[in-house]
Amino acid sequence: MGNSALRTLATLEETPLSEYAGATVAIDAHHWIYRYLTGLTRYMDDNIYTTEDGTELPNVAGVFRGLPPILREDITPVFVFDGKPHERKADEIQSRRDAKQEAKQKMADAAEAGDTAAMKRYKAQTQSLTPAIHETTREALELLGIPYIEAGGAGEAYTAKMVEYGLADAAMTDDYDALLFGSPTTIRQYTGKGPAEKMLLNKTLHNHGITHEQLVDIGLMCGTDYNDGISGIGPKRGVKYITSGKTVEEILEDKGATIDGLSQLRELFLSPTIGSVPDTPLTRTEPDFAQFRAFANEWEFPTQFIEKNISRFPRYAE
DNA sequence: CTCGAACA
DNA sequence: TGTTCGAGG
């Protein structure tokens with residue numbers, strides 16, 4: 001599974017963050033946190049983010065590094081946390097779990113061999129979003145006046161709908177699923193430095209002369225986080241078959257293949273379960289840096305590290 | 001993600 | 001020859 005096929009189909013354009021000045025961006029919290037966790041554990045000494053009782057909270061340091069550039073553009077970030085994953089994602093979740101387990105083993109081996117660089121590389125791969133990380137991330141967002149929402153299902157689906165409903169101007173995630181969930185505009189590859197990448201649904205559809213429904217069908221044939229695709233079909237043949245007027249059902253018949261619960265999968269992307277959405281746009285409030293300092297202190301973060309991060313935030317009225 | 005092998 | 005697959009960094 002996995003969906004690198006969508007990468008070759010997607011229309012991607014470079015975009016400076018300033019293009020979204022004053023806008024609201026719905027951020028896939030899971031992806032955001034994970035990105036910073038792996039990045040940070042790779043380069044930072046772990047005693048900086050480990051508390052006395054051994055709890056590792058690299059999020060407290062990492063999650064906020066990306067915020068100042070966004071706030072300086074007067075962008076309102078809205079973090080969207082995942083709800084319960086769809087049961088069809090179970091296999092994908094299991095294989096990620098297996099990969100982490102394998103990385104753990106390799107990390108232990110590297111530690112044994114005294115290979116610190118390899119150890120850190122594998123450690124990054126073992127990172128997962130623990131309950132403690134979830135809890136402290138929400139708490140810190142509150143202290144920094146950043147709004148967040150709990151999605152009723154997949155975060156990517158929720159952020160896509162927020163853009164569709166006009167509650168946000170763009171979704172932010174690296175996940176190509178955003179296209180299948182119908183996000184009109186998705187910001188990818190945001191690093192806080194240099195331009196990001198925007199992925200546009202309309203241009204993608206127009207480039208291939210297909211509808212959103214057809215894109216979903218192509219995705220399902222190539223394989224997604226929720227299903228194995230049809231062996232021998234990638235992005236090229238997928239587009240070719242669908243634009244020649246064949247239906248997925250016909251292609252399956254030709255290949256003697258099956259996709260379990262095809263209509264359920266289509267629904268999953270075209271009308272995902274998202275839970276309730278707010279009826280008014282979310283706004284941010286003034287950060288409480290004093291409380292944030294106290295919070296960081298509680299988690300034993302070095303003061304100079306926290307101060308450095310705070311100094312990057314735009315100036316608010318004291 | 002990049003690359004070479006396998007395949008239609 | 002172009003496309004997909006699968007291993008490895």
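Basis for what follows: all heavy atoms, side chains included, without hydrogens, waters or symmetry-related copies.
- For A:I230 and C:dC5, the CD1 to P distance is 10 Å, given to the nearest whole Å.
- When the P atom of C:dT4 is taken as reference, atom CG of A:L6 falls 13 Å away, rounded to whole Å.
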Candidate pair A:T130 and A:E135, rule side chain to side chain contact (heavy atoms under 4.5 Å, CB included), full reasoning: CA-CA 9 Å; A:T130 62; A:E135 223 169 280; over 6 Å; no
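- Looking at A:S183 and A:L201, their side chains never come closer than 4.5 Å, going by heavy atoms from C-beta outward.
- In this structure, A:K240 places its NZ atom 9 Å from P of C:dT4, rounding to the nearest Å.
- Side-chain atoms of A:K236 lie closest to C:dT4 of the nucleotides B:dC1, C:dC5, C:dT4.
- One can place CG of A:D174 at 9 Å from P of B:dC1, the figure rounded to the nearest angstrom.
- Residue pairs meeting the ring-ring contact (aromatic ring centres under 6.0 Å, His included) criterion with at least one member in residues 197-218 of chain A: none, sequence neighbours excluded.
- Spacing between atom CG of A:D115 and atom C1' of C:dG9 amounts to 14 Å, rounded to whole angstrom units.
- The ring-ring contact (aromatic ring centres under 6.0 Å, His included) with A:F79 is formed by just one residue from the set A:Y158, A:F64, A:W32; it is A:W32.
- With 3.5 Å as the limit, one finds a donor-acceptor pair spanning the side chains of A:T11 and A:N207.
- Geometrically, A:R188 engages A:Y176 in a cation-pi contact, judged by NZ or CZ lying under 6.0 Å from the ring centre and within 45° of the ring axis.
- Between the CD1 atom of A:I233 and the C1' atom of C:dC5 there is a distance of 14 Å, rounded to whole Å.
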Nucleotide-resolved protein contact map, nucleotides 3-8 of chain B, B/S/- at heavy-atom distance under 4.0 Å: ------
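- C:dT3 atom C1' lies 14 Å from atom CE of A:M221, rounded to whole Å.
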